[in-house]
Protein chains: 2
Amino acid sequence: MTETIEDTDAVDLLDALVQLSFAVTAVLTKAAARHDLSLTQLRMLGVLRGREPKMAELAAFLGLDRSTVSGLIDRAERRGLARRTGSPDDGRSVRVSLTAAANRLAVDLVAEIGRSLAPMVDRLAQDDRRRLTALLARLLGPLPAA
Amino acid sequence: MTETIEDTDAVDLLDALVQLSFAVTAVLTKAAARHDLSLTQLRMLGVLRGREPKMAELAAFLGLDRSTVSGLIDRAERRGLARRTGSPDDGRSVRVSLTAAANRLAVDLVAEIGRSLAPMVDRLAQDDRRRLTALLARLLGPLPAA
DNA sequence: TATTGTTATACTCTATAACTATA
DNA sequence: TATAGTTATAGAGTATAACAATA
C-alpha cells in the first residue's frame with residue numbers, strides 16, 4: 001500500500017514537472033517569436049550573455065552538434081546579433097560573442113519573459129515563492145541527469 | 001529595501017523555472033531521440049493518448065498551425081503511429097488517433113522518462129516531493145498565461 | 001594523428017498563402 | 001460566406017559525413 005502511495009506521488013511530480021516545462025517553453029517561444037527569434041536563438045542569446053565561448057563550447061552548452069551551431073551563428077551574424085573572432089593562441093578555434101544590439105535585445109527579453117510569467121508566479125505568496133525556489137534549486141543541484 | 005528583496009526573490013524563481021524547463025526539455029528530447037522521435041512527435045503522442053481529436057483541435061492543443069499538423073500526422077502515419085478517420089457527421093473534419101504500436105511506444109516512453117528524471121526527483125525526500133508537487137499544481141492552476 | 005570549424009546533404013519543423021470540399 | 005483540411009513554398013533547425021586548416 002505504502003508502495004502504491006509512493007508511486008502515485010512520484011507520477012504526480014513527474015507530470016507536474018513536464019507540464020510546467022511545456023508551459024514555460026510556450027511562454028519563452030512566444031516571447032522569442034515576438035522578436036522574430038526561435039527558441040534556439042533565445043537560448044543562444046542566454047548562453048552568450050557575459051560569455052565569449054569557442055564554437056565547440058557553445059555547442060556543448062546548447063547540446064547541439066557543432067555543424068548545427070555553425071548555421072545558427074551564421075544566421076545570427078547575418079542579423080547583426082553575433083560576432084566571430086579568431087583566437088590568437090589556437091588558429092583553429094573561433095570565439096563567439098554578442099553585439100551591443102543583441103545585449104540590448106537580451107535585456108528586453110528577460111523583462112518581457114518576467115512579465116509573461118508573472119501571472120503564474122503571482123499565484124503564490126512570497127513565502128511559497130521562496131519555498132518553491134529552494135526546492136527547485138535542490139532539484140537542479142549537482143545534476144548529471146541524462 | 002523590502003522592494004529589492006522581493007525583486008531578487010522573483011528573479012531567482014523565474015530563473016529556476018526557466019532552468020528547470022530547459023533541463024526537463026533536454027531529458028524529453030533525448031528520450032524521444034532514442035526512439036527516433038522529435039520533441040514535437042513526443043508531445044503529439046502525449047496529447048493523443050486516450051483522445052481522438054479533430055485536426056484543428058490537435059493543432060490548438062499543440063499551439064501549432066493546422067498546416068504544420070498536417071505534415072506532422074503525414075509523417076506519423078507513414079511510420080505507423082497515427083491514423084486518420086473521417087467524421088460521419090461533418091464531411092470536412094478528420095479525427096486522429098494512435099495505433100496500437102504508438103500506444104505501446106507511449107507507455108515505454110513514460111517509463112523511460114520517469115527513469116531519466118529519477119536522479120533529479122530522488123534528490124528530494126518524499127515530504128518535499130509532495131510539497132513541490134502541490135506548489136507546482138498551484139502555479140499551473142487556472143493559467144491563462146501568455 | 002587528433003581537433004576545430006565549415007560545408008554539403010537530407011530531413012523535420014514551422015508558418016503563410018492559396019486551394020478544395022463541405023457546411 | 002465561412003470552416004476544415006491539405007498543398008505548395010520558403011526558411012529555420014537538426015544531424016551525419018566529408019573536408020580543410022591547425023595542432
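Residue numbers start from 1 in every chain, and the chains themselves are labelled A, B, ... in the order their sequence lines are given, proteins ahead of strands.
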Which listed nucleotide ([options]) is nearest to the side chain of [X]?
X       : options                : answer
B/Asp65 : C/dC13, C/dT16, D/dT6  : C/dT16
B/Arg75 : D/dG13, C/dT7, C/dT14  : C/dT14
B/Arg66 : C/dT6, D/dA15, D/dG5   : D/dG5
A/Arg92 : C/dT3, D/dA12, C/dT7   : C/dT3
B/Thr40 : D/dT14, C/dA15, C/dC13 : C/dC13
A/Leu72 : D/dG13, C/dC13, C/dG5  : D/dG13

Fill in: A/Thr85-A/Arg95 side chain donor-acceptor pair, cut-off 3.5 Å
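On atom types as modelled, these side chains do not qualify, holding no pair under 3.5 Å.
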Worksheet item: Among side-chain atoms of B/Glu112 and B/His35, is any donor-acceptor pair under 3.5 angstrom?
Response: yes
In whole Å, what is the span from the [atom1] atom of [X] to the [atom2] atom of [N]?
X       : N      : atom1 : atom2 : result
B/Glu77 : D/dT6  : CD    : P     : 9 Å
A/Leu58 : D/dT14 : CG    : P     : 11 Å
A/Arg84 : C/dT7  : CZ    : C1'   : 12 Å
A/Gln41 : C/dT14 : CD    : P     : 16 Å
B/Leu37 : C/dC11 : CG    : P     : 17 Å
B/Ile73 : D/dT7  : CD1   : C1'   : 16 Å
A/Arg43 : D/dA12 : CZ    : P     : 19 Å
A/Lys30 : C/dT14 : NZ    : P     : 14 Å

Think [X] has a side-chain N or O under 4.0 angstrom from the OP1 or OP2 of [N]?
X       : N      : result
B/Ser38 : D/dT14 : no
A/Thr68 : D/dT14 : no
B/Ser67 : C/dA15 : no

Discussion item. If you go through the side-chain atoms of A/Ser93, does one of them form a donor-acceptor pair with the base of C/dT3 closer than 3.5 Å?
Written reply: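 It does not, because no donor-acceptor pair links the side chain of A/Ser93 to the base of C/dT3 below 3.5 Å.
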Item to complete: May I ask you to test the B/Leu14-A/Ile113 pair for a side-chain heavy-atom distance under 4.5 Å?
Response: no
Worksheet item: Quick one: does B/Gln41's side chain get under 4.5 Å of B/Leu45's, heavy atoms only?
Response: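 Not touching, per the 4.5 Å side-chain cut-off.
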Worksheet item: Is the side chain of A/Thr99 donor-acceptor paired with the backbone N or O of A/Gly80 at a distance under 3.5 Å, no angle test?
Response: yes
Worksheet item: Okay, side chain of B/Gln19, backbone of A/Leu140: is any donor-acceptor separation there less than 3.5 Å?
Response: no
Discussion item. Go nucleotide by nucleotide along DNA chain C from the 5' end; which of A/Val94 and B/Asp90 gets its closest nucleotide reached first?
Written reply: A/Val94
Item to complete: Using heavy atoms to find the nearest nucleotide of DNA chain D for A/Asp89 and B/Met55 separately, return the residue whose nucleotide is more 5′.
Response: B/Met55
Worksheet item: Contact class for A/Asp36 (heavy atom, under 4.0 Å): base, sugar-phosphate, or nothing?
Response: nothing
